[in-house]
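Encoded as C-alpha cells, the structure appears first; notes follow it.
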Amino acid sequence: MPQPPPTPFRSDVLVLGSGIAGLFYALRTAEHATVAIVTKKRAADSATNWAQGGIAAVQGGDDSFDAHVRDTLVAGDGLCREDVVRRVVERGPAMIDALLKLGADFDLASAPEPAGFDLTREGGHSHRRILHHRDATGREIERVLLSRARAHPNITLFEDHCGIDLLTSERAGWSGPNRTIGAYVLGEDGCVMRFQARVTLLATGGAGKVYLYTSNPDIASGDGMAMAYRAGATIANMEFVQFHPTCLYHPMAKSFLISEALRGEGGILKTQAGEDFMQDVHAQADLAPRDIVARATDAALKRTGDEWVHLDITHRDADYLRDRFPNIYRRCLEFGIDLTREPIPVVPAA
C-alpha cells in the first residue's frame, strides 16, 4: 500500500542556508519566533567558513565612514547605490560589536602598535580597516554563529537536507496574492518532506561551481537562485559575479583561496618571467579593486600564454608570515610550496 506523505515540519521562520547570512538572521528572529534552518551538507560547509582575509569596518583613527563609502563607490565603478553603500558602511561597527558579543575573536594589535584591533588592508581600501582572525576569519565567524544556533531553544537545525523547490500559496490553491509558505526539502533518508513557515529566507549563496576556478565550496551550485526564479521572484544583477584575483593553482588544490590580505601585507603579483605587471595598471597596483586585478591577471596570462602567475611575498620576514598566515602557509606546504621562500602560483577564480 502507498505510504502517506510525511507530516510537514512547521515553524514560524524557515531559513535555507547556514552561512553568515542565514545564521545571523536565524539568531535574530529566534528571539521572537521558532526557526528551522535547512542546510545542504554539514552546517559548516558554507562559503562563510572558507573566507580568510577579514571583514571591513571603520574603527576610528584617521579612517571615516565617508572614506569607506568613497572607496566602495570607486571599487563599484559607479554602479553602486550610494544609499545602500552608506547604510552598510555606517552599520559596520555595530555589526562587529554584535559578533563580538556573540563570542567572535578578532586579532588584537601587538606592541608597539596602539591598543585595538590588528587592522590590515585589502584591495580598494585606502585605510587599514580589515578585522581578522589570523587567516581564517570566516571560520571563526561560522564557529561562533553555528554554536549559538545549535544551543538556541527556538532553532532546529536540519543538516544534510537539500532544498528542492519553494512552496507557494498559488501552487497550494490558496486565494489571494501569491506568496511563499515554505519549501520542499530532500532529507538525508532520500524522502522529500514539506517545511511550512510564515517567512522563508533564501540564504543559499551563489553559483561559483559553474566556473572552472572558484574559491566556493561544492555546495555553491545556484539552488536558491533557481528556486526563487521558479517561484516567480524577480531576479536582478545576476551578471555581477565577483572574481578573486588569487586562487591557488595546483592540480591537487581544490578551490583554495590565497587571501587578499597577503597583498595587503606586501605580496606582489608577477608573471612567471618576473614582470611586476600591476604597477602600470593602477595607482594602487596590487591593492587595486578585485575586478581590476583579476582582469589584469587574466590579460597577463593571455599575453604570456602561461597557465598561472606568481604571488610573491618572500621579501617579508618568514616568522611573521608563518604567524600571520598559518593556514595558508600549512596548506601551501602540503603541495610543496614554501611561501616564505618561493612565490605562490595563482589564478583568478569566481
Side-chain angles (χ1 to χ4, degrees), residues 47 50-54 56 70-80 85 120-126 130 135 206-216 220 222 237-316 321 325 328 331-332 335-337 339 341-350:
W50 289 32
Q52 297 172 348
R70 184 167 56 251
D71 290 345
T72 307
L73 294 176
V74 170
D77 204 22
L79 297 171
C80 304
V85 171
T120 188
R121 280 186 67 190
E122 291 191 0
H125 292 278
S126 59
I130 312 298
D135 58 348
K209 294 304 288 189
V210 304
Y211 294 92
L212 177 61
Y213 299 115
T214 181
S215 62
N216 287 192
N237 302 324
M238 295 294 285
E239 70 274 27
F240 292 109
V241 177
Q242 181 177 177
F243 279 77
H244 196 289
T246 54
C247 193
L248 180 62
Y249 182 87
H250 189 282
M252 301 302 292
K254 184 178 181 181
S255 306
F256 186 71
L257 183 72
I258 302 296
S259 172
E260 196 164 340
L262 265 80
R263 284 178 284 127
E265 299 301 332
I268 301 170
L269 285 164
K270 300 178 181 180
T271 64
Q272 292 184 37
E275 174 196 356
D276 179 0
F277 59 87
M278 283 305 303
Q279 292 299 321
D280 296 329
V281 174
H282 194 275
Q284 289 180 284
D286 298 275
L287 282 177
R290 288 181 179 180
D291 62 312
I292 293 173
V293 181
R295 279 198 298 267
T297 302
D298 182 65
L301 292 173
K302 289 172 178 172
R303 173 167 50 83
T304 62
D306 294 332
E307 293 187 82
W308 69 87
V309 297
H310 283 147
L311 178 60
D312 189 357
I313 197 168
T314 56
H315 52 282
R316 293 299 306 267
L321 294 176
F325 304 108
I328 295 175
R331 187 64 169 159
C332 286
F335 301 109
I337 304 163
L339 61 82
R341 304 177 64 180
E342 58 192 317
I344 307 168
V346 295
V347 291

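Scope of the values below: all heavy atoms of this structure, side chains included, with no hydrogens, waters or symmetry mates. No experiment lies behind these values; they were computed from the predicted model shown.
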Evaluation steps, side-chain contact (heavy atoms from CB on, under 4.5 Å), between Q284 and M278 = CA-CA 8 Å; Q284 289 180 284; M278 283 305 303; over 6 Å; no
Heavy-atom pair with the smallest gap, counting every atom of [X] and [Y]:
{"X": "L73", "Y": "C80", "value": "CD2-CB, 3.8 Å"}
{"X": "A294", "Y": "P348", "value": "O-CG, 3.7 Å"}
{"X": "E122", "Y": "A261", "value": "OE2-N, 4.1 Å"}

Is any side-chain heavy atom of [X] less than 4.5 Å from a side-chain heavy atom of [Y]?
{"X": "V293", "Y": "V281", "value": "no"}
{"X": "Q272", "Y": "T304", "value": "no"}
{"X": "P345", "Y": "I337", "value": "yes"}
{"X": "Q52", "Y": "S215", "value": "no"}
{"X": "L248", "Y": "I344", "value": "yes"}
{"X": "F277", "Y": "L269", "value": "yes"}
{"X": "D77", "Y": "P289", "value": "no"}

task = Decide yes or no on side-chain contact (heavy atoms from CB on, under 4.5 Å) for D312 and E342, but give the supporting numbers first.
result = CA-CA 7 Å; D312 189 357; E342 58 192 317; over 6 Å; no
Which distance, rounded to the nearest 0.5 Å, do you find between the [atom1] of [X] and the [atom2] of [Y]?
{"X": "L262", "Y": "I268", "atom1": "CG", "atom2": "CD1", "value": "12.0 Å"}
{"X": "R121", "Y": "R263", "atom1": "CZ", "atom2": "CZ", "value": "11.5 Å"}
{"X": "D135", "Y": "I258", "atom1": "CG", "atom2": "CD1", "value": "9.5 Å"}
{"X": "D276", "Y": "D286", "atom1": "CG", "atom2": "CG", "value": "6.0 Å"}
{"X": "T314", "Y": "L339", "atom1": "OG1", "atom2": "CG", "value": "9.5 Å"}
{"X": "I130", "Y": "S259", "atom1": "CD1", "atom2": "OG", "value": "9.5 Å"}

ask   = What do the steps show when you test Y249 against V309 for side-chain contact (heavy atoms from CB on, under 4.5 Å), and what is the final call?
value = CA-CA 9 Å; Y249 182 87; V309 297; over 6 Å; no
Any donor and acceptor pair, going by atom type alone, linking the side chain of [X] with main-chain N or O of [Y] inside 3.5 Å?
{"X": "T214", "Y": "K209", "answer": "no"}
{"X": "H315", "Y": "G266", "answer": "yes"}
{"X": "R316", "Y": "E265", "answer": "yes"}
{"X": "E260", "Y": "G123", "answer": "yes"}

Passing option when R295 is tested against D291, D298, T297 for side-chain hydrogen bond (donor to acceptor under 3.5 Å, both in side chains) =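 With R295 as partner, side-chain hydrogen bond (donor to acceptor under 3.5 Å, both in side chains) holds for just one option, D291.
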ask   = Aromatic ring centroids of Y211 and F243 under 6.0 Å?
value =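 Centroid separation for Y211 and F243: below 6.0 Å.
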